Amino acid sequence: KKDEADLKRDRGDLKRDERAAIEELAAGTIGPAGRSRTLVALVARESEGNPFFAVEVLRAVVERAGGWDKVESAPLPDRLLVGGMRAVVARRMHRLSADDRQLVEFAAIAGRDLDLALLTSLAPAADWSGFLHRATDQGLVENRDGAWSFVHDQLRGALIESIDAMHRRELHRQIAQALTSGVVPSDERAAELTYHWRLADDATEECRWAARAGTLALGAGAYRHAVGHFERVVELLRRFPRQMAEGIPDLDGLQVRYQAGEAAFRAGDFSNAFNHLQEVLRRAGRPLALSARHRIPVLIAQVLIQACHRLPGGSLGWFLSTQRRQRSLLVARTWDLLSRLHIYSGDGIAVLMSALRATNLSEVANAPLAYAHGIIGCSAAAAGSWRIADGYFRRTRALAAGDPVGTVDTLVMEAACMLGAARFEDAIERLRDARLRAEAVGYRLGQGQALTVEGVCHSYTGDVQRMHEVNREALEAIRHHSH
C-alpha cells in the first residue's frame, strides 16, 4: 500500500543527490519556491528522505500557507506533522492490543531511541521483548545494530499527538520520576529531565533541572544550549517567584542571570549578554553609570579605592560576612565580564571603569580576579606607566597560576601591550610561552591568538618570512578551534 512505504529507511544524513531529488520534487510540486534552501531542509528533515513523507510534507506546507502560490512568502515552521501519518498511526495502533498500546505510548513519550532499562522500570511486569517484536511487525519500531528505535520521527510525533493531553502530562511525569531514580546519574540526563518536567507542567522541577542542565552545558562549551536553559529559569523565576522560592530555596536568581550572560557572551551574542549582566547589576543595587557625567566621578572613585587596596592592609573584606563576600564576588565577576564586552564596543572608559569595579569588589571578597587586573595593567601601559603596568601584570600571572587558559589569556594580553610599546622581544617571549601552554591543554583559540599577535610582532621587526609562517600556524589553530 502507498502508506506502507519504506518506513525503515536509514536515518543518517541525506546525501547530496537525495537532497537534489527532494529539491526537484518540491520545484515540480509547487514551482520555483520549491527550490528554497529552507524549504528543502524542512522537507529533508521531516521526511528523512522517504518519498511518501516528502510528498506529505509538501502537501502540508501548501495547506498551511493557504495555496501553492503563497508558499514563498509564508513563514515555515520548525517542525511539521503531516496528515497522512495520522492515518498510518491510527491503523497500526488499532492492530495492537490494549496492553501494547499502553507500552507504545510510554515508548513514544520517552524518546525516539528506546531506552529499555527506563521502559522496563516504568512497566516492570510487561512483556517488553514480545512487545518489540509485535511492534516491529506493525512497522512501528526497528532494531538497527542491536538498538531499538521508532522507524520514523513523523510516526512517533503522530503517536504522541494521538494521546490525550492530560494522560500525556502524566506519562511525562512518570518518565521524569523514573529518570531521577534510575541507574544512570541524573546529571547526565538533566536536559532530558528538564524537557519531561516541562511537559508534565511541573514548573518547580523544570526550573531545578533547567538550572542544572544550563550549568552542565556551560561547562561543556555548549553555550547556546546553556543560554536557552538559563533563560527558561529566568522566565520561571519571573512568572512564579513565590513558588520557586518555596520549592527551590537555594536557587540564586542573580547567579542564574549571570550564568545566562556568561553563556551568551561565550556564544558571541554580546547584546543578549549585556542585557543579562545589566539586570544582575540592577538587582544587586549597582546599576551601570551610562552617561559621561556619571561615569567620570565613578571612575575617579574606583581609582582611589584601588589605590587603597594596593596599600599594606588595604583590603576591606575582613568585616564582611561569608554571604556578603559571595555576593560581592558575583557582582565582581559581572563587572569583569562587562569589561570584556566593552572591549568589543571600543568604549575605553567603560572598559577601565568595569575592570576597576571588578578588581575592587573581588579584593573585598578576598578572591581577586586575574583578567580585571590585566585590564588595569593594559590601561597603565597605554598611559606610559610601565612600572605600574608590570606590577599589575606580575600580579595577574600569579592570580592565573592555577588556570592554564587564564594564564594564556594573561600572557597574550601583556604581550599585546608590549607590542604597542615596541617591546617586541619581550612580547615574542611571552607569546611563545602562551603558545606552548595553549598547546599543552588543547586551547586552540588561545594558541591562535598568541600566534596572530606574534605575527604582528615579526612584521614590525621586518622578519617577513617568519611572519608568514606564524600566520599560517595561526589560521590552522583557529580552524581547529572552529571545529
Side-chain angles (χ1 to χ4, degrees), residues 254 257-258 261-262 265 270 273-321 324-400 406 409-410 413-414 416-417:
L254 282 187
R257 287 176 172 85
Y258 167 78
E262 181 183 5
F265 171 77
F270 295 157
F274 183 82
N275 290 336
H276 283 298
L277 297 172
Q278 187 177 26
E279 181 64 12
V280 172
L281 296 179
R282 189 187 70 79
R283 289 176 174 270
R286 299 173 182 270
L288 281 169
L290 298 176
S291 69
R293 184 168 61 88
H294 291 96
R295 291 198 304 179
I296 299 302
V298 170
L299 182 62
I300 293 171
Q302 293 299 318
V303 169
L304 293 174
I305 294 170
Q306 178 57 202
C308 290
H309 280 299
R310 298 280 63 82
L311 296 173
S315 175
L316 304 175
W318 57 269
F319 68 89
L320 293 180
S321 66
R324 287 285 301 277
R325 280 199 297 271
Q326 289 174 345
R327 184 53 51 94
S328 293
L329 182 57
L330 176 61
V331 176
R333 286 175 175 160
T334 303
W335 283 114
D336 183 69
L337 207 47
L338 279 167
S339 71
R340 304 180 192 213
L341 276 171
H342 287 308
I343 288 174
Y344 291 96
S345 70
D347 189 342
I349 292 177
V351 172
L352 178 57
M353 184 179 70
S354 298
L356 282 165
R357 299 189 82 158
T359 302
N360 291 334
L361 278 169
S362 66
E363 290 189 314
V364 165
N366 292 328
L369 299 174
Y371 194 89
H373 278 77
I375 292 291
I376 298 174
C378 287
S379 300
S385 302
W386 271 99
R387 184 165 173 270
I388 295 175
D390 285 336
Y392 273 100
F393 287 137
R394 282 194 299 273
R395 182 168 171 78
T396 301
R397 289 196 299 273
L399 292 171
D409 290 342
T410 295
M413 184 191 308
E414 185 178 356
C417 292

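The shown structure was predicted, so the numbers you read here are calculated from the model rather than taken from an experiment. Heavy atoms only: backbone and side chains are in, while hydrogens, waters and symmetry mates are out.
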Is a donor on one side and an acceptor on the other found under 3.5 Å between the side chain of [X] and the backbone of [Y]?
| X | Y | result |
| --- | --- | --- |
| D336 | A372 | yes |
| T396 | G374 | yes |
| S354 | V351 | no |

Can you find a pair of side-chain heavy atoms, one from [X] and one from [Y], that are under 4.5 Å apart?
| X | Y | value |
| --- | --- | --- |
| F393 | C417 | yes |
| V303 | L352 | no |
| D409 | M413 | no |
| R340 | L337 | yes |
| F265 | H276 | no |
| H309 | V364 | yes |
| Y258 | L277 | yes |

Problem set entry | Gap between atom CE of M353 and atom CG of D347 - 0.5 Å precision |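 Here the rounded value is 8.0 Å.
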For this session: Any chance you could measure S328, atom OG, to N360, atom CG, to the nearest 0.5 Å?
Result: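 Going from the OG atom of S328 to the CG atom of N360 covers 11.5 Å.
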Problem set entry | Criterion side-chain contact (heavy atoms from CB on, under 4.5 Å) against T334, the qualifying member of L281, L361, L254 |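 Between T334 and the candidates, side-chain contact (heavy atoms from CB on, under 4.5 Å) is satisfied uniquely by L281.
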Problem set entry | Contact summary for A389 and G377, nearest pair of heavy atoms |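 Minimum heavy-atom separation between A389 and G377: CB-O, 3.3 Å.
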Exercise. Which atom pair, heavy atoms only, marks the closest approach of S362 to L329?
Worked result: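 S362 and L329 have their closest heavy atoms at CB-CD1, 4.4 Å.
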Problem set entry | Identified side chain to side chain donor-acceptor pair (under 3.5 Å) partner of Y392 from the options R397, H373, Q306, E414 |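 The single option meeting the side chain to side chain donor-acceptor pair (under 3.5 Å) with Y392 is Q306.
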